[in-house]
Amino acid sequence: MSVPLYQAKAEMFRTLGHPVRIRVLELLQDGPRPVRDLLAEIDVEASNLSQQLAVLRRAGIVASFRDGPLVMYALSTPDVADLLAAGRRILGAVLTDRDSLLVELRRQK
């Protein structure tokens, strides 16, 4: 029995609902990166990053591949970057009373 589309969408948004996962996706917008670079940019333990990458990979939001000894991660589709951009636009429209978040949001791409 297949899952209704709205349920599949809700599951995808639940997958995105973690700060470390969002940060990983933001970093991957500029292209594939090795795990060590992601770890240097995100203030979490290696095991936590590994867990979050596994969640994103199982959901099909990121893909992994080997480049010699390095495990690289990339967005599975450019649409993920489009979704992040839409999120920034929505936040910009609703954050009228939270000036510091709005300033930070506008500094990002």
Establish whether Val55 and Val44 are linked, either directly or via other cluster members, by ILVMFWY side-chain heavy-atom contacts under 4.5 Å. no

Connected via hydrophobic side-chain network under 4.5 Å: Ile22 and Phe13: yes

Rounded to the nearest 0.5 Å, the CZ atom of Arg23 sits from the CD atom of Gln52 at a distance of 14.5 Å

When rounded to the nearest 0.5 angstrom, what is the spacing between CZ in Arg14 and CZ in Arg21? 11.5 Å

Min side-chain heavy-atom separation Gln29-Leu84 under 4.5 Å: yes

Can you measure from CZ (Arg57) to OG (Ser50) and round to the nearest 0.5 angstrom? 7.0 Å

Is it true that, when you exclude Asp43 itself, more than 12 heavy atoms of the residues, nucleotides or ligands shown sit nearer than 6.0 Å to its CG? no

When rounded to the nearest 0.5 angstrom, what is the spacing between CG in Asp37 and CG in Leu28? 10.5 Å

Steps toward side chain to side chain contact (heavy atoms under 4.5 Å, CB included) verdict (Leu16, Leu25): CA-CA 9 Å; Leu16 296 174; Leu25 297 176; 3.5 Å; yes

Which atom names give the shortest non-hydrogen contact between Asp67 and Met72, and what distance separates them? CB-CG, 3.7 Å

Are Val24 and Met12 linked, directly or through other ILVMFWY residues, by side chains that come within less than 4.5 angstrom of each other? yes

Heavy atoms only: give me the nearest Gly60-Ser76 pair and the separation to one decimal. O-OG, 2.6 Å

So, for Leu27 and Glu41, which heavy atoms are closest and what is the spacing to 0.1 Å? CD1-CB, 3.6 Å

Is it the case that over 12 heavy atoms from other parts of the model lie below 6.0 angstrom from the CZ atom of Phe65? yes

Inter-residue atom distance Ile42.CD1 - Glu26.CD, 0.5 Å rounding: 9.0 Å

Mind listing the closest non-hydrogen atom pair of Thr15 and Ala59 along with its distance? CG2-CB, 3.8 Å

Can you check whether Val71 reaches Leu53 side chain to side chain, under 4.5 Å on heavy atoms? no

